[in-house]
Amino acid sequence: MTNLAHNLLDTMATHPDRAAVKLDEQILTYTQLWDASARMATLLRRLGVAPGDRVALQLPNVPAFPVACYGTLLAGATVVPMNPLLKAGEVEYYLTDAGAEVVVVDDHSPEAAHQAGARVGAKVLAVGPMGPAELPDDPR
């Protein structure tokens, strides 16, 4: 089955060294974005995410968002985008309503997600602006 992540693969094949996302002076090429996304998919699978699960993304507009978004799709899960300014009660509502197994949150403001995740049993993955600090070596 094809999903949006296949567009990234196609673009990487055509323009591997072209800038895909940029944050100030930090740039991810399409190849680097693909690699980070594949590693993110592995990390999500290790957290128990399976095809058909939902992963909430409570991230601002930084490179970590496309890394987590494509990683979620590569893991076969559904992306649930959330406003990064939501309070704990609002996060809890979204997680419950969507049935999200994991919520990916900015590492500078994870408190609301941790509170809500603890109440509904969702795992919280805090990431930096470029993505998780530690990604698995093997993206499979």
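Sequence positions, counted from 1, serve as the residue numbers for this chain.
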Any chance you could measure [X], atom [atom1], to [Y], atom [atom2], to the nearest 0.5 Å?
| X | Y | atom1 | atom2 | result |
| --- | --- | --- | --- | --- |
| Asn7 | Tyr70 | CG | OH | 6.5 Å |
| Leu4 | Leu9 | CG | CG | 12.0 Å |
| Leu28 | Met130 | CG | CE | 4.0 Å |
| Leu85 | Gln58 | CG | CD | 8.5 Å |
| His15 | Asp17 | NE2 | CG | 11.5 Å |
| Tyr93 | Leu86 | OH | CG | 12.0 Å |

Do [X] and [Y] belong together in a cluster built from hydrophobic side chains that touch within less than 4.5 Å?
| X | Y | value |
| --- | --- | --- |
| Ile27 | Phe65 | no |
| Leu59 | Val49 | yes |
| Val80 | Leu44 | no |
| Val103 | Tyr94 | yes |
| Val79 | Leu47 | yes |

Looking at [X] and [Y], what are the two nearest heavy atoms and their distance?
| X | Y | result |
| --- | --- | --- |
| Ala113 | Val91 | CA-CG1, 4.1 Å |
| Ala41 | Gly71 | CB-O, 3.3 Å |
| Gly48 | Asp53 | O-OD2, 3.6 Å |
| Val124 | Gly117 | CG2-CA, 4.4 Å |
| Ala68 | Leu57 | CB-CD2, 3.7 Å |
| Gly131 | Ala64 | N-CB, 3.5 Å |

Side chain to side chain, [X] and [Y], heavy atoms closer than 4.5 Å:
| X | Y | value |
| --- | --- | --- |
| Pro132 | Val127 | yes |
| Met40 | Leu125 | yes |
| Arg39 | Leu43 | no |
| Val67 | Leu33 | yes |
| Leu8 | Ser37 | yes |

Residues, nucleotides or ligands: over 12 heavy atoms within 6.0 Å of Glu111 CD: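 Atom CD in Glu111 is not packed in, count stays at 12 or less.
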* Asked: Quick check: are there more than 12 heavy atoms from other residues, nucleotides or ligands sitting under 6.0 Å from CG of Asn61?
  ->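 It does not: Asn61 CG has 12 such atoms or fewer within range.
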Could you walk me through whether Trp34 and Leu74 satisfy the side-chain contact (heavy atoms from CB on, under 4.5 Å) test, starting with their C-alpha distance in whole Å, then the side-chain angles of each, then the deciding distance to 0.1 Å, before giving a yes or no? CA-CA 10 Å; Trp34 174 263; Leu74 289 170; 3.6 Å; yes
Margin query: Check whether Thr31 reaches the backbone of Pro16 with its side chain - one donor and one acceptor, N or O, closer than 3.5 Å.
Written below: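 Side chain of Thr31 to backbone of Pro16: a pair is present.
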*Excluding sequence neighbours, so at least two apart, what forms side-chain hydrogen bond (donor to acceptor under 3.5 Å, both in side chains) with Glu101?*
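None.
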Any residue meeting side chain to side chain contact (heavy atoms under 4.5 Å, CB included) with Ala88, in chain and number order, not counting sequence neighbours:
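Partners of Ala88 under the side chain to side chain contact (heavy atoms under 4.5 Å, CB included) test: Ala112, Gln115, Arg119.
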